[in-house]
K.L.:
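Submitted below is the structure of interest, expressed as structure tokens.
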Amino acid sequence: SVVFEMLVDSYRKMGLLAEAVDVFLTIKYVEFVPTLLFCNMLLRDLLKANKMELFWKVFDRMSDMELTFDVYTYSNVINAYAKAGNVDEVKKVLLEMGENGCAPNVVTYNMVIHNLCRAGHLDEAVEMKRSMIEQGLVPDNYTYSTLVNGYCMERRLEDAKLVLSEMFDAGLKLDGVACNSLMDGFIKQGNVEEAFKIKNKMVSHFVQMDLVVQNTLLNGVCKAGMMEKAREIVTEMIETDTKPDSRTYNLLIEGYYRKHDMVRAFQMLDEMKKRSLAPTIYTYSAIINGLYLSRNFGQARAAFGEMIKQGLEPN
RNA sequence: AAACGUAUGUUCAUGCU
């Protein structure tokens with residue numbers, strides 16, 4: 001069995017998943033049961049690589065073996081159904097695992113709650129939080145942040161705020177991810193001011209301003225045309241050693257082109273390249289839109305050509 | 001033998017609405 005696992009492992013690590021699965025499936029004719037961890041890692045790789053047919057083949061074979069699945073196994077199954085957008089099956093996994101003697105934990109519930117939120121079933125998601133408490137589990141930062149984000153996606157910002165206070169009342173410290181979801185929610189409603197109020201709250205609670213938060217705020221000010229404020233944010237990022245990424249520059253480029261300032265937009269593109277950040281399809285989209293807006297169709301076409309040359313696929 | 005090793009939340013572009 002050691003040789004067997006080494007063989008499958010080698011294939012896995014070389015990214016030859018089809019081969020790994022082939023070997024795995026020969027188990028039927030061999031007289032041993034592989035370890036659960038080993039199977040779980042194979043499932044995880046198949047999920048990551050989007051090889052869903054292989055995933056289910058392996059899972060079916062696992063079901064035929066003398067294995068008792070653990071929470072990791074079921075997490076993989078949940079992710080598999082989630083990938084297919086099948087929320088009903090996701091919920092069923094929760095019941096099934098209970099029947100099979102594997103009690104769902106906080107992570108399992110969080111995954112289900114996340115998928116309910118994604119499907120827009122917020123009431124069910126909240127209900128799910130209630131039942132996890134009934135099971136003696138304690139909702140954590142992920143649980144609350146997921147719900148905050150769920151409400152934000154539905155534009156129910158007041159409800160989102162309530163969850164945030166609930167989290168705080170539960171004794172959890174102010175969570176940067178939850179705050180970011182809320183800020184993003186307000187920004188998408190055009191309410192930059194409210195977003196900055198949340199930022200100030202973060203500062204007063206000593207919550208780290210990370211790259212994601214700064215990009216969120218930058219998105220707000222750039223969309224609002226507040227480019228002086230945008231420069232301030234970037235300066236603050238550099239001072240606090242939060243390295244801008246390609247999204248940061250994409251947002252700046254977008255902000256400037258919306259103001260018909262292609263000179264500064266191109267300056268941002270240069271600065272981005274100087275920091276050895278590769279332009280993405282978003283970068284080129286912004287540049288092309290800007291050039292189109294200023295009626296530079298030739299340059300727009302040239303930018304498109306350059307994008308192709310960089311090996312970026314137009315979508 | 002033990003330990004280690006596998007699962008969960010947030011940010012960017014175009015058009016139509």
Side-chain angles (χ1 to χ4, degrees), chain A residues 9 12 35-48 69-80 82 90 93 97 102 104-118 125 132 139-153 160 163-164 167 175-185 187-188 195 198 202 207 209-220 222-223 233 242 244-255 257-258 265 268 272 277 279-290 292-293 300 304 307 312 314-315:
Chain A
D9 251 350
R12 269 187 50 226
T35 67
L36 188 60
L37 172 63
F38 173 78
C39 298
N40 287 345
M41 293 197 303
L42 182 57
L43 288 179
R44 183 266 246 135
D45 283 357
L46 292 167
L47 262 176
K48 269 196 184 165
F69 298 162
D70 65 4
V71 280
Y72 292 100
T73 316
Y74 287 110
S75 292
N76 282 324
V77 175
I78 288 175
N79 278 331
V90 167
V93 174
M97 57 193 291
C102 176
N105 63 12
V106 178
V107 173
T108 322
Y109 271 100
N110 288 346
M111 293 176 79
V112 176
I113 289 171
H114 178 230
N115 281 290
L116 287 168
C117 286
R118 265 202 345 178
M132 78 190 269
D140 65 2
N141 284 32
Y142 282 76
T143 318
Y144 289 107
S145 303
T146 302
L147 287 170
V148 168
N149 190 245
Y151 279 125
C152 288
M153 288 192 306
V163 177
L164 194 67
M167 167 162 40
D175 186 277
V177 171
C179 289
N180 187 66
S181 286
L182 247 187
M183 291 189 294
D184 188 58
I187 282 164
K188 289 197 167 124
I198 297 164
M202 289 174 75
V207 181
M209 289 294 131
D210 63 6
L211 178 60
V212 173
V213 171
Q214 297 287 40
N215 280 345
T216 300
L217 291 168
L218 194 62
N219 183 36
C222 286
K223 291 274 196 311
I233 291 175
T242 304
D245 66 357
S246 65
R247 286 186 193 216
T248 313
Y249 284 100
N250 295 344
L251 291 168
L252 290 165
I253 291 169
E254 188 198 336
Y257 97 63
R258 282 179 190 275
M268 292 304 105
M272 176 178 189
L277 293 168
T280 66
I281 194 156
Y282 288 88
T283 318
Y284 282 105
S285 294
I287 293 283
I288 291 169
N289 289 328
Y292 173 77
L293 202 67
F304 183 75
M307 181 183 97
L312 294 172
N315 62 7

K.L.:
Any N or O donor-acceptor pair linking the side chain of A:Asn219 to the base of B:A13 at under 3.5 Å?
P.N.:
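No, no donor-acceptor pair under 3.5 Å.
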
K.L.:
Side chain to side chain contact (heavy atoms under 4.5 Å, CB included) with A:Leu47: which residues, sequence neighbours excluded?
P.N.:
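Expected list: A:Met52, A:Phe55, A:Asn76, A:Asn79, A:Ala80, A:Lys83.
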
K.L.:
For the residue pair A:Asp245 / A:Asn215, report whether a side-chain donor-acceptor contact shorter than 3.5 Å exists.
P.N.:
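The criterion, which ignores hydrogens and geometry beyond distance, is satisfied for A:Asp245 and A:Asn215.
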
K.L.:
Side chains of A:Asp140 and A:Asn110: donor-acceptor distance under 3.5 Å anywhere?
P.N.:
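There is such a pair between these side chains.
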
K.L.:
What does A:Thr146 touch in the nucleic acid at a heavy-atom separation under 4.0 angstrom: a base, only the sugar-phosphate, or nothing?
P.N.:
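Sugar-phosphate: the residue A:Thr146, judged by heavy atoms under 4.0 Å, touches backbone atoms but no base.
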
K.L.:
Calculate the interatomic distance between A:Leu147 atom CG and B:G9 atom C1'; express it in whole Å.
P.N.:
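Rounded to whole Å, this separation is 10 Å.
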
K.L.:
Taking donor-acceptor contacts at under 3.5 Å, does the side chain of A:Asn110 reach the base of B:A7?
P.N.:
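In this structure, the two groups form no donor-acceptor pair.
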
K.L.:
Out of B:U11, B:A7, B:A13, which has the shortest distance to the side chain of A:Glu254?
P.N.:
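Nearest listed nucleotide: B:A13.
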
K.L.:
Rounded to whole angstrom units, what separation is found between the CG atom of A:Leu251 and the P atom of B:A13?
P.N.:
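Rounding to the nearest Å, CG of A:Leu251 and P of B:A13 are 7 Å apart.
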
K.L.:
What nucleic acid atoms does A:Asn105 come within less than 4.0 Å of, heavy atoms only: base, sugar-phosphate, or nothing?
P.N.:
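It contacts base atoms.
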
K.L.:
Does A:Arg258 reach a base, just sugar-phosphate, or nothing at all? Heavy atoms under 4.0 Å.
P.N.:
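Sugar-phosphate only.
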
K.L.:
A:Asn149 side chain: which of B:U10, B:C12, B:U6 is closest?
P.N.:
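In terms of side-chain proximity for A:Asn149, the closest of B:U10, B:C12, B:U6 is B:U10.
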
K.L.:
Has the side chain of A:Asp175 got a donor or acceptor that lies under 3.5 Å from a partner of the other kind on the base of B:G9?
P.N.:
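Such a pair is found, so the answer is yes.
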
K.L.:
Kindly write out the residues that satisfy side chain to side chain contact (heavy atoms under 4.5 Å, CB included) with A:Tyr282, not counting sequence neighbours, or none if the list is empty.
P.N.:
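Counting only residues at least two positions away or on another chain, A:Tyr282 forms a side chain to side chain contact (heavy atoms under 4.5 Å, CB included) with A:Asn250, A:Thr280.
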
K.L.:
Using a cut-off of 4.0 Å on non-hydrogen atoms, how would the nucleic acid contact of A:Asn141 be classed: base, sugar-phosphate, or nothing?
P.N.:
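Contact class for A:Asn141: base.
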
K.L.:
Indicate whether OP1 or OP2 belonging to B:U8 is found under 4.0 Å from a side-chain N or O atom of A:Arg44.
P.N.:
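Indeed not, no polar side-chain atom of A:Arg44 lies that close.
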
K.L.:
Check whether any side-chain nitrogen or oxygen of A:Lys188 sits under 4.0 Å from OP1 or OP2 of B:C12, and answer yes or no.
P.N.:
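Affirmative; the distance criterion is met.
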
K.L.:
Rounding to an integer number of Å, can you tell me how far A:Tyr284 OH sits from B:A13 P?
P.N.:
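Rounded to whole Å, this separation is 19 Å.
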
K.L.:
Counting the atoms with a prime plus P, OP1 and OP2 as sugar-phosphate, which does A:Thr216 contact under 4.0 Å by heavy atoms, base, sugar-phosphate, or nothing?
P.N.:
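It contacts sugar-phosphate atoms only.
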
K.L.:
So A:Asp245, base contact, sugar-phosphate only, or nothing? Heavy-atom distance under 4.0 Å.
P.N.:
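No contact.
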
K.L.:
Would you mind reading off the distance between A:Asn315 atom CG and B:G15 atom C1', rounded to a whole angstrom?
P.N.:
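The answer, rounded to whole Å, is 12 Å.
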
K.L.:
Within this structure, what is the CG-to-P distance between A:Asp70 and B:G5, rounded to whole angstrom?
P.N.:
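In whole Å, B:G5 P and A:Asp70 CG are 15 Å from each other.
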
K.L.:
Over how many whole Å does the gap from A:Asp184 atom CG to B:U11 atom P extend?
P.N.:
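Checked: the CG to P distance equals 6 Å.
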
K.L.:
Tell me the interatomic distance from A:Tyr257, atom OH, to B:C12, atom P, rounded to whole angstroms.
P.N.:
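Value for this atom pair: 14 Å.
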
K.L.:
For the side chain of A:Leu37, counting heavy atoms from C-beta on, which of B:A7, B:U14, B:G5 is nearest?
P.N.:
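It is B:G5.
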
K.L.:
Any idea which of B:U8, B:C12, B:U10 is nearest the A:Val212 side chain?
P.N.:
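Closest of the options to the side chain of A:Val212: B:U10.
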
K.L.:
A:Val71 pairs by side-chain contact (heavy atoms from CB on, under 4.5 Å) with which of A:Ile78, A:Asn40, A:Asn105?
P.N.:
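With A:Val71 as partner, side-chain contact (heavy atoms from CB on, under 4.5 Å) holds for just one option, A:Asn105.
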
K.L.:
To the nearest angstrom, how far is A:Ile78 atom CD1 from B:G9 atom C1'?
P.N.:
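Rounding to the nearest Å, CD1 of A:Ile78 and C1' of B:G9 are 15 Å apart.
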
K.L.:
Is it true that A:Arg12 and A:Asp9 have a side-chain N and a carboxylate O under 4.0 angstrom from each other?
P.N.:
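Between A:Asp9 and A:Arg12 there is a salt bridge, with a charged N closer than 4.0 Å to a carboxylate O.
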
K.L.:
What nucleotide, of B:U11, B:U6, B:U14, holds the atom closest to the side chain of A:Asn289?
P.N.:
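Taking heavy atoms from C-beta onward, the closest nucleotide is B:U14.
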
K.L.:
Ignoring backbone atoms, establish whether A:Lys48 has a side-chain N or O less than 4.0 Å from OP1 or OP2 of B:A7.
P.N.:
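So the side chain of A:Lys48 is outside the cut-off, no N or O lying under 4.0 Å from OP1 or OP2 of B:A7.
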
